[in-house]
Amino acid sequence: MTEHDGERLLAHYLNDHLAGSYGGAALARRIAREHADGPAAPDLWRLAREIAEDRDELVDLMRSFGARPRWHRMLLGAAAEKAGRLKLNGRLVRRSPLSDLLEVEAMRSGVQGKLALWRALRAATSDDLLDSRLRRLEARAERQADILDARQAEAAQVVGPVPPQERTPSGSARSSVRPGPVRRRGPAGGPAPGRP
């Protein structure tokens with residue numbers, strides 16, 4: 001692979017992450033707005049601010065690498081976040097009881113992707129100054145993941161209590177939900193022999 005090929009692939013890779021970063025920044029702001037009066041508001045607003053800063057850091061890194069940001073990809077990322085609201089909520093206007101949980105899980109996935117980005121760039125560079133910058137961004141992404149993990153644990157209460165698991169004689173778990181009776185069918189789809 002030539003050096004030109006590497007530069008082209010790097011530009012594609014960074015633009016893919018940049019598109020996701022615009023959607024992630026919009027989602028983080030919406031999560032913070034929805035909980036502006038709650039006890040987690042300071043952490044969520046800081047999270048939203050940091051995610052927007054991370055997006056700007058990525059743009060700056062791209063320019064330093066000579067990778068041109070594709071602005072139409074950013075618009076697609078923001079549009080995808082807006083379209084995703086219906087999928088997450090299952091409703092056009094009102095929020096679903098599951099909205100908080102699904103949104104924080106989507107945000108957590110985005111942060112995990114960003115963390116992978118910083119680590120991939122670190123693995124591909126021999127520049128000490130860039131490595132130090134990426135280590136700082138990596139540590140910040142890990143803190144963001146911790147905030148989202150705590151928020152997920154709180155939001156998950158909406159799906160509880162989850163039924164307990166029974167233990168079989170072998171010690172494996174078995175759901176306590178009992179299935180309904182199964183009717184055996186005959187070879188032609190009718191009742192099995194000996195059954196009405």
J.: Which pair of heavy atoms, one from A28 and one from I51, lies closest together, and at what distance?
T.: CB-CD1, 3.9 Å
J.: Distance from D54 atom CG to R140 atom CZ, nearest 0.5 Å?
T.: 4.0 Å
J.: Compare every heavy atom of A141 with every heavy atom of V111, then report the nearest pair and how far apart it is.
T.: CG1-O, 3.4 Å
J.: In chain order, what residues pass the side chain to side chain contact (heavy atoms under 4.5 Å, CB included) check against D128, with sequence neighbours excluded?
T.: none
J.: Starting from the C-alpha separation in whole Å, work towards a yes-or-no answer on side-chain contact (heavy atoms from CB on, under 4.5 Å) for L61 and L130.
T.: CA-CA 9 Å; L61 283 170; L130 176 57; 3.6 Å; yes
J.: Looking at CG of L115 and CD of Q144, how far apart are the two atoms once the value is rounded to the nearest 0.5 Å?
T.: 9.5 Å
J.: Please list all pairs meeting side chain to side chain donor-acceptor pair (under 3.5 Å) that have one or both residues in residues 147-162, counting only residues at least two apart or in different chains.
T.: H35-R151, D100-R151, E105-Q152, R108-D149, R151-E154
J.: Testing the basics here: between L18 and S21, what is the closest heavy-atom pair and its distance to 0.1 Å?
T.: O-OG, 2.6 Å
J.: Taking E103 first and then R33, would you say they form a salt bridge - that is, a charged N and a carboxylate O separated by under 4.0 Å?
T.: no
J.: Can you name the nearest heavy-atom pair linking P97 to V158, along with the distance?
T.: O-CG2, 3.6 Å
J.: Tell me every residue that passes salt bridge (Lys or Arg N to Asp or Glu O under 4.0 Å) with D43, counting only those two or more places apart in sequence or in another chain.
T.: R46
J.: Do L121 and L137 come close enough that some side-chain heavy atom pair is under 4.5 Å?
T.: no
J.: Which residues pass the salt bridge (Lys or Arg N to Asp or Glu O under 4.0 Å) test with E57, not counting sequence neighbours?
T.: R133, R136
J.: If the condition is side-chain hydrogen bond (donor to acceptor under 3.5 Å, both in side chains), which residues does R122 pass it with, not counting sequence neighbours?
T.: D131, E138
J.: Quick check for you: to the nearest 0.5 Å, what is the distance between E7 atom CD and H12 atom NE2?
T.: 12.5 Å
J.: Is the side chain of S132 donor-acceptor paired with the backbone N or O of L129 at a distance under 3.5 Å, no angle test?
T.: no
J.: Considering all heavy atoms of both residues, which atom of I31 and which atom of M107 are nearest to each other, and what is their separation?
T.: CD1-CB, 4.1 Å
J.: Shared ILVMFWY cluster between V59 and W118, side chains joined below 4.5 angstrom?
T.: yes
J.: Sub-3.5 Å donor-acceptor pair from the side chain of N15 to the main-chain atoms of A11, do we have one?
T.: yes
J.: Identify the heavy atoms of A116 and Y13 that sit nearest to each other, and give their distance.
T.: O-OH, 4.1 Å
J.: State which residues pass side-chain hydrogen bond (donor to acceptor under 3.5 Å, both in side chains) with R29; sequence neighbours excluded, sorted by chain then number.
T.: none
J.: Of all residues at least two apart in sequence or in a different chain, which pass the side chain to side chain contact (heavy atoms under 4.5 Å, CB included) check with V162?
T.: none
J.: Salt bridge (Lys or Arg N to Asp or Glu O under 4.0 Å) with D146: which residues, sequence neighbours excluded?
T.: none
J.: Quick one: are H17 and L14 in side-chain contact, heavy atoms under 4.5 Å?
T.: no
J.: List for me each residue that meets ring pair (Phe, Tyr, Trp, His ring centres under 6.0 Å) alongside F65, sequence neighbours excluded, and say none if there are none.
T.: none
